[in-house]
Amino acid sequence: MTQQFLDLAYKEAQKAFLKNEVPVGAILTKDNKIIARAHNLIETKQDTTAHAELLVIQKASKKLKTWRLQDCTLYTTLEPCPMCAGAIIQARIKNVVFGAHDTKGGAAGSVLNLFENKFNHQVIVTYLNDPKCSYILKDFFTHIRRSKTNLL
């Protein structure tokens with residue numbers, strides 16, 4: 001099931017790509033059932049906090065009528081940033097699975113690891129090396145750089 005859920009998160013990332021958003025997607029599950037889906041909407045909403053992970057947490061909390069998502073797993077195409085890692089810990093999410101490292105801002109081991117700290121809640125983090133999660137980001141930023149070059 002893990003790869004299938006990450007594949008669904010990737011489909012969310014594709015939606016973000018089509019909206020000219022950084023292509024990150026997230027799925028939140030409980031008991032192997034999808035509770036919520038989201039993708040980055042930072043540009044669309046003009047909101048720096050509109051990361052896929054935060055949006056999926058908000059949707060899941062609303063659906064489950066609780067902020068405590070302790071028996072849930074969050075699947076995301078990109079390693080969570082510090083803001084998202086903090087929200088994951090605060091939401092008491094049990095597991096996080098991600099498909100690509102973020103070597104410039106990742107908070108699950110690439111730059112720092114917030115999940116290793118001794119917070120009141122521990123999150124189990126799994127890196128599932130999924131090349132398509134990296135490729136879509138590379139394609140997006142290549143496209144952005146080419147667009148900027150063409151404008152000059």
Side-chain angles (χ1 to χ4, degrees), residues 1-30 32-65 67 69 72-115 123-152:
M1 292 299 283
T2 300
Q3 185 62 53
Q4 291 170 308
F5 288 132
L6 192 58
D7 289 344
L8 292 172
Y10 178 76
K11 288 185 181 202
E12 289 295 316
Q14 290 176 310
K15 291 177 188 177
F17 187 98
L18 294 173
K19 294 177 183 177
N20 288 321
E21 296 277 357
V22 175
V24 177
I27 300 286
L28 194 129
T29 66
K30 182 174 182 174
N32 284 323
K33 293 182 183 145
I34 295 172
I35 304 301
R37 309 164 188 253
H39 53 274
N40 274 3
L41 290 174
I42 297 162
E43 297 296 333
T44 302
K45 292 186 173 211
Q46 288 298 293
D47 179 354
T48 57
T49 67
H51 288 205
E53 298 91 338
L54 293 184
L55 296 173
V56 84
I57 288 169
Q58 291 167 0
K59 287 179 178 183
S61 293
K62 187 174 183 178
K63 185 171 183 178
L64 296 174
K65 297 178 175 46
W67 61 269
L69 303 175
C72 295
T73 299
L74 191 149
Y75 297 87
T76 182
T77 55
L78 182 64
E79 178 182 359
C81 72
M83 176 178 65
C84 293
I88 289 164
I89 292 164
Q90 292 300 316
R92 313 292 196 266
I93 292 172
K94 184 176 183 178
N95 300 293
V96 171
V97 177
F98 68 95
H101 282 290
D102 181 353
T103 58
K104 294 183 180 178
S110 289
V111 175
L112 61 109
N113 194 339
L114 285 178
F115 299 110
V123 179
I124 299 165
V125 179
T126 303
Y127 167 57
L128 190 64
N129 183 8
D130 190 334
K132 70 181 172 292
C133 294
S134 297
Y135 293 147
I136 194 171
L137 287 158
K138 288 176 187 169
D139 288 347
F140 177 79
F141 287 110
T142 298
H143 174 73
I144 293 294
R145 282 190 291 278
R146 283 187 186 143
S147 297
K148 287 182 181 178
T149 303
N150 291 339
L151 291 175
L152 299 177

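Quick note: residue numbers are just sequence positions, from 1.
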Does any N or O in the side chain of [X] come within less than 3.5 Å of the main-chain N or O of [Y], such that one atom is a donor and the other an acceptor?
| X | Y | answer |
| --- | --- | --- |
| Glu53 | Ala85 | no |
| Glu79 | Asp102 | yes |
| Asn40 | Ala16 | no |
| Glu21 | Thr44 | yes |
| Thr77 | Tyr10 | no |

Minimum heavy-atom separation for [X] to [Y], with atom names?
| X | Y | answer |
| --- | --- | --- |
| Ser134 | Ala100 | OG-CB, 3.4 Å |
| Ala107 | Cys81 | CB-C, 3.6 Å |
| Ala26 | Leu74 | CB-CD2, 4.5 Å |
| Ile34 | Lys63 | O-NZ, 4.2 Å |
| Ile93 | Cys72 | CG2-O, 3.5 Å |
| Val22 | Phe141 | CG2-CZ, 3.9 Å |

Between [X] and [Y], is any pair of side-chain heavy atoms under 4.5 Å apart?
| X | Y | answer |
| --- | --- | --- |
| Ile144 | Phe140 | yes |
| Asp47 | Leu41 | no |
| Val56 | Ile27 | no |
| Phe5 | Leu8 | yes |
| Tyr75 | Leu128 | no |
| Gln58 | Thr49 | no |
| Thr2 | Thr126 | no |

Who pairs with [X] by side-chain contact (heavy atoms from CB on, under 4.5 Å), at least two apart in sequence or on another chain?
| X | result |
| --- | --- |
| Thr142 | Arg145, Arg146 |
| Gln4 | Met1 |
| Asp130 | Gln3, Leu6, Asp7, Lys132, Cys133 |
| Lys59 | Ala36, Ala38 |

Query raised in the report: Just how far is it from atom CG of Leu28 to atom CG of Leu69, taken to the nearest 0.5 Å?
Result: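 Reported value, rounded in 0.5 Å steps: 6.0 Å.
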Query raised in the report: For residues 35-65, which residue pairs qualify under ring-ring contact (aromatic ring centres under 6.0 Å, His included), counting only residues two or more places apart or in two chains?
Result: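 Applying ring-ring contact (aromatic ring centres under 6.0 Å, His included) to every pair that reaches into residues 35-65, excluding sequence neighbours, yields nothing.
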Query raised in the report: Where does the angle between the aromatic ring planes of Tyr127 and Phe98 fall among parallel (under 30°), tilted (30 to 60°) and perpendicular (over 60°)?
Result: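 The arrangement is tilted - the two ring planes meet at 30° to 60°.
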Requested in this report: Scan residues 82-99 for pairs that pass side-chain hydrogen bond (donor to acceptor under 3.5 Å, both in side chains), counting only residues two or more places apart or in two chains.
Outcome: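 Every pair satisfying side-chain hydrogen bond (donor to acceptor under 3.5 Å, both in side chains) with a residue in residues 82-99: Thr73-Asn95.
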